[in-house]
Enquirer: 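Can you read through this structure? Questions will come right after.
Keep in mind that this is a model prediction, so the values were computed, not measured.
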Amino acid sequence: MKFFDKGFKAAIEALREKRPLVHCITNYVTAGDTANMLLAAGASPIMADDPAESAEICARADALLLNMGTLSERHISAMLKAGKAASENGIPVVLDPVGVHLSEFRRTAALKILSEVDVSIIRGNVSELLFMGGIPVSSRGVDSSGEREENLYLSAAADSAQRYNCVCCVTGAEDIITDGNKATRLRNGSEKLKKITGAGCMTTALIAAFSAVCEPFSAAVYGAAFMGICGEISEYSPDFRGMGSFRAGLFDAAGMSAEEFAARIARD
């Protein structure tokens, strides 16, 4: 059900007025798209992933994004240093545990980050969040599993939120955001988002940007909704010609007015 969300409008206006600096330690596959989506939405990205400077850079930022997509020992070191600086300075941290269920290396890294850094929000697909919540998964890739039951999505997010005392957002056929007590379901989006690389990474980056201007639960809702609405707009744009124009259309849609975004959010 779509309705006008005044909080969403206010959050977008606050983001565009503040232009928060989002420190992104992310993966090289989608770093460009992540930076461009943040810029299009109104935030300011900085991609500093060397351990020699990550803490210093993060101390000046408004939010920190940790994306495990192309993980390495160097990235882990940078993430931990930046994460600790964020925790010391009250800077929100958003974790994207890409492929956490696929290797012991990723599992160990995610748990180390969560044990040493005050993570505000975790965003992942259903397989990743199920694993983070302690539920076995068998997916062979980083895309979400084929299961679509609403209770599976809610269980994945709620179990992880309770385990790590943070807000969790599971994205896929629908998006579920919960802090373990309250929950919101978003119904915005496009099936074509699954056919491009980086949709999840861009969503997590948007959540990080919104975390600089509102509390974690709202940041997760508004970041996920923003991306879903961009997907809808791009898919049904008269300029749509295929996946290339769809990707470009995402950035075009991100410049839409706060009022238009607020009128399109679909949540229950």
Enquirer: May I ask whether Val170 and Leu65 are part of the same hydrophobic cluster, defined by side-chain heavy atoms of I, L, V, M, F, W, Y residues being less than 4.5 angstrom apart, directly or through others?
Expert: no

Enquirer: Report the C-alpha distance between Asn27 and Thr70 in whole Å, list the side-chain angles of each, state the deciding distance to 0.1 Å, and finish with yes or no for side chain to side chain donor-acceptor pair (under 3.5 Å).
Expert: CA-CA 5 Å; Asn27 75 77; Thr70 50; 4.7 Å; no

Enquirer: Assess the residue pair Met132 and Leu114 against the criterion (side-chain contact (heavy atoms from CB on, under 4.5 Å)); give the C-alpha distance rounded to whole Å, side-chain angles, the decisive distance to 0.1 Å, and a yes or no.
Expert: CA-CA 11 Å; Met132 295 297 291; Leu114 286 162; 3.2 Å; yes

Enquirer: If you measure from the Lys or Arg side-chain nitrogens to the Asp or Glu carboxylate oxygens, is any gap between Lys84 and Glu88 under 4.0 Å?
Expert: no

Enquirer: Where is the tightest heavy-atom contact between Ala225 and Leu186, given as atom of each residue plus distance?
Expert: N-CD1, 3.6 Å

Enquirer: Ignoring hydrogens, what is the shortest heavy-atom contact between Ser127 and His101? Give both atom names and the distance.
Expert: CB-NE2, 3.8 Å

Enquirer: So, does Ser115 use its side chain to make a donor-acceptor pair with the main chain of Lys112 at under 3.5 Å?
Expert: yes

Enquirer: Can you list everything that forms a salt bridge (Lys or Arg N to Asp or Glu O under 4.0 Å) with Arg106? Sequence neighbours excluded, please.
Expert: none

Enquirer: Salt bridge between Glu104 and Arg107, side-chain N to carboxylate O under 4.0 Å?
Expert: yes

Enquirer: Check the orientation of Tyr222 and Phe8. Use parallel for under 30°, tilted for 30 to 60°, and perpendicular for over 60°.
Expert: parallel

Enquirer: Using the rule given for side-chain contact (heavy atoms from CB on, under 4.5 Å), can you reason through Glu13 versus Lys9, listing the C-alpha separation, both sets of side-chain angles and the distance that settles it, and then say yes or no?
Expert: CA-CA 6 Å; Glu13 291 173 340; Lys9 176 178 179 291; 2.7 Å; yes

Enquirer: Distance-only, no hydrogens or angles: does the Thr108 side chain make a donor-acceptor pair with backbone N or O of Phe105 under 3.5 Å?
Expert: no

Enquirer: What's the separation between atom CG in Leu129 and atom SG in Cys169, rounded to the nearest 0.5 Å?
Expert: 8.0 Å

Enquirer: Quick check for you: to the nearest 0.5 Å, what is the distance between Ile121 atom CD1 and Asp179 atom CG?
Expert: 11.0 Å

Enquirer: Identify the two heavy atoms, one from Ser54 and one from His23, that lie closest to each other, and give their separation to 0.1 Å.
Expert: O-CE1, 3.3 Å

Enquirer: Ion pair present between Arg264 and Glu260, side-chain N to carboxylate O less than 4.0 angstrom?
Expert: no

Enquirer: If only side-chain N and O atoms count, and only distance matters, is there a donor-acceptor pair under 3.5 Å linking Arg123 with Thr171?
Expert: yes

Enquirer: My understanding is that a hydrophobic cluster links ILVMFWY residues whose side chain heavy atoms are under 4.5 Å apart, including indirect links. Using that, what else belongs to the cluster containing Leu21?
Expert: Ile46, Ile57

Enquirer: Same hydrophobic cluster for Met47 and Ile91, using side-chain heavy-atom links shorter than 4.5 Å among ILVMFWY?
Expert: no

Enquirer: Can you find a pair of side-chain heavy atoms, one from Arg185 and one from Ile177, that are under 4.5 Å apart?
Expert: no

Enquirer: Determine whether Ile196 and Leu250 make a side-chain contact, defined as any pair of heavy atoms from C-beta on separated by less than 4.5 Å.
Expert: yes

Enquirer: Check the pair Asp50 / Arg74 against salt bridge (Lys or Arg N to Asp or Glu O under 4.0 Å), numbers first and verdict last.
Expert: CA-CA 7 Å; Asp50 195 295; Arg74 177 174 166 276; 3.7 Å; yes

Enquirer: Tell me if a side-chain donor or acceptor on Asn188 pairs with a main-chain N or O of Ala266 at a distance below 3.5 Å.
Expert: yes

Enquirer: Applying side-chain contact (heavy atoms from CB on, under 4.5 Å) to Val98 and Asn67, what does each step give before you reach the verdict?
Expert: CA-CA 7 Å; Val98 182; Asn67 180 302; 3.6 Å; yes

Enquirer: Going by heavy atoms in the side chains, are Tyr164 and Leu111 under 4.5 Å from each other?
Expert: yes

Enquirer: Ignoring hydrogens and geometry, is there a side-chain-to-backbone donor-acceptor pair from Ser120 to Val94 under 3.5 Å?
Expert: no

Enquirer: Give me the atom names and distance for the closest heavy-atom approach of Thr34 to Cys201.
Expert: OG1-CB, 3.9 Å

Enquirer: Is there a side-chain contact between Thr203 and Phe226, using heavy atoms and a 4.5 Å cut-off?
Expert: no

Enquirer: Mark yes or no for whether Glu215, through its side chain, and Ser218, through its backbone, hold a donor-acceptor pair below 3.5 Å.
Expert: yes

Enquirer: Show the nearest heavy-atom pair for residues Pro45 and Ala43, with the distance to one decimal.
Expert: CD-O, 3.9 Å

Enquirer: Going through the checks in order, is the salt bridge (Lys or Arg N to Asp or Glu O under 4.0 Å) test met by Arg19 and Asp62?
Expert: CA-CA 9 Å; Arg19 296 195 64 82; Asp62 298 298; over 6 Å; no

Enquirer: Say you draw a straight line from CE of Met79 to OG of Ser72; how long is it, rounded to the nearest 0.5 Å?
Expert: 8.0 Å

Enquirer: Side chains of Ile207 and Pro216: does their closest heavy-atom pair fall under 4.5 Å?
Expert: no

Enquirer: When you group the ILVMFWY residues by side-chain heavy-atom contacts below 4.5 Å and let the links chain together, are Val29 and Val100 in the same group?
Expert: no

Enquirer: If you round to the nearest 0.5 Å, how far is CE of Met243 from CD of Glu235?
Expert: 8.5 Å

Enquirer: Do the side chains of Cys230 and Phe251 get nearer than 4.5 Å, heavy atoms only?
Expert: no

Enquirer: Could you check if a side-chain atom of Leu64 sits within less than 4.5 angstrom of a side-chain atom of Pro92, using non-hydrogen atoms only?
Expert: no

Enquirer: Check whether more than 12 heavy atoms from other residues, nucleotides or ligands sit under 6.0 Å from atom CZ of Phe4, and answer yes or no.
Expert: yes

Enquirer: Would you say the side chains of Ser77 and Glu73 form a donor-acceptor pair under 3.5 Å?
Expert: no

Enquirer: Charged N to carboxylate O under 4.0 angstrom, Asp175 versus Arg187?
Expert: no

Enquirer: Keeping Ser160 on the side-chain end and Ala156 on the backbone end, is there a donor-acceptor pair under 3.5 Å?
Expert: yes

Enquirer: Give me the atom names and distance for the closest heavy-atom approach of Ala212 to Ala63.
Expert: CB-CB, 4.4 Å

Enquirer: Are Ile76 and Val93 connected in a single hydrophobic cluster, I mean Ile/Leu/Val/Met/Phe/Trp/Tyr linked by side-chain heavy atoms less than 4.5 Å apart?
Expert: yes

Enquirer: Might you confirm whether atom CD of Glu259 has over 12 heavy atoms from other residues, nucleotides or ligands at distances under 6.0 Å?
Expert: yes

Enquirer: I'd like to check the side-chain contact (heavy atoms from CB on, under 4.5 Å) partners of Ser237; sequence neighbours left out, ordered by chain and number.
Expert: Asp239

Enquirer: Assigning hydrophobic clusters by single linkage (Ile, Leu, Val, Met, Phe, Trp, Tyr; side-chain heavy-atom cutoff under 4.5 Å), is Leu39 placed with Phe210?
Expert: no

Enquirer: Is the shortest heavy-atom distance from the side chain of Thr178 to the side chain of Val167 under 4.5 Å?
Expert: no

Enquirer: Evaluate side-chain contact (heavy atoms from CB on, under 4.5 Å) for Thr197 paired with Thr30, printing each intermediate quantity in order.
Expert: CA-CA 7 Å; Thr197 301; Thr30 63; 3.5 Å; yes

Enquirer: How many angstroms lie between atom CG of Leu95 and atom CE of Met68, to the nearest 0.5 angstrom?
Expert: 6.5 Å

Enquirer: Looking at CD1 of Ile25 and SG of Cys58, how far apart are the two atoms once the value is rounded to the nearest 0.5 Å?
Expert: 7.0 Å

